[in-house]
Amino acid sequence: MSVWEAMEFLNTLVDDSDPDTDLTQIEHLIQTAEAIRNDGHPRCFVLTGLIHDLGKILWPVRRAAVGGGRRHVSGRLRVL
């Protein structure tokens, strides 16, 4: 899976703990990376901002929470 494919998969999830749920996950990642770039930080920081939420897709799916087309991960993440 490429980084972009991981971001696209992340975009199918909703993290109920995110305060900015009006944004898609990809929009949030790009917005974060762009803000870091605009602040003049090194490129490695910009990359970190871009991928900072990709760990969410590594959490195991709790099978008991699957239902209604939504999948909860770690109690707070669900598939659209």
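A quick note: this is a predicted structure, and the numbers were derived from the prediction, not measured.
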Distance-minimising heavy-atom pair for Ile57 and Ala6: CD1-CB, 3.8 Å
Identify the two heavy atoms, one from Leu23 and one from Gln31, that lie closest to each other, and give their separation to 0.1 Å.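 Leu23 and Gln31 have their closest heavy atoms at CD1-OE1, 3.1 Å.
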Hey, does the side chain of Glu8 reach the backbone of Glu5 with a donor-acceptor pair shorter than 3.5 angstrom? no
Is it true that Phe9 and Ile30 fall in one hydrophobic cluster, defined by side-chain heavy atoms closer than 4.5 Å? yes
In terms of hydrophobic clusters joined by side-chain contacts under 4.5 Å, are Leu10 and Leu50 together? yes
Run the side-chain contact (heavy atoms from CB on, under 4.5 Å) test on Met7 and Asn11 for me, step by step, so that the C-alpha distance in whole Å, both residues' side-chain angles and the decisive distance to 0.1 Å come before the verdict. CA-CA 6 Å; Met7 290 170 55; Asn11 211 40; over 6 Å; no
Side chain to side chain donor-acceptor pair (under 3.5 Å) partners of His52, counting only residues at least two apart: His28
CG/Asp53 to CD1/Ile26 distance, rounded to the nearest 0.5 angstrom? 12.0 Å
Test side-chain contact (heavy atoms from CB on, under 4.5 Å) applied to Leu47 - qualifying residues, sequence neighbours left out: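 For Leu47, the residues satisfying side-chain contact (heavy atoms from CB on, under 4.5 Å) (neighbours in sequence not counted) are Ile51.
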For Glu34, all residues meeting salt bridge (Lys or Arg N to Asp or Glu O under 4.0 Å), sequence neighbours excluded: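 For Glu34, the residues satisfying salt bridge (Lys or Arg N to Asp or Glu O under 4.0 Å) (neighbours in sequence not counted) are Arg37.
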